[in-house]
Amino acid sequence: MCASVRDTFGVEYTVSGMTDLRHRLGFVYKESRAVPARAEEASKIAFAGRTFGAEAG
């Protein structure tokens with residue numbers, strides 16, 4: 001993130017400085033949660049066959 005800000009805006013931050021900036025700007029890190037798939041069984045099998053080939057079936 002520090003490198004991206006440096007390359008984009010020409011301003012260098014240390015890791016702790018970037019952390020402080022993110023907090024001042026209201027950035028909150030939220031870890032994503034797994035959501036169970038609700039696809040039909042036939043769709044799952046078709047996807048696995050296309051993605052992984054014959055060994056998936």
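Please read these numbers as outputs of a predicted model, since none were measured by experiment.
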Checklist entry - Residues in side chain to side chain contact (heavy atoms under 4.5 Å, CB included) with E40, at least two apart? => result S43

Checklist entry - Looking at CD1 of I45 and CZ of R50, how far apart are the two atoms once the value is rounded to the nearest 0.5 Å? => result 12.0 Å

Checklist entry - Are V15 and V11 connected, step by step, through hydrophobic side chains (Ile, Leu, Val, Met, Phe, Trp, Tyr) whose heavy atoms are closer than 4.5 Å? => result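 No; tracing contacts between hydrophobic side chains, which count when under 4.5 Å, never links both residues.
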
Checklist entry - Is M18 reachable from F27 through a run of I, L, V, M, F, W or Y residues, each pair having side-chain heavy atoms under 4.5 Å apart? => result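 No, separate clusters.
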
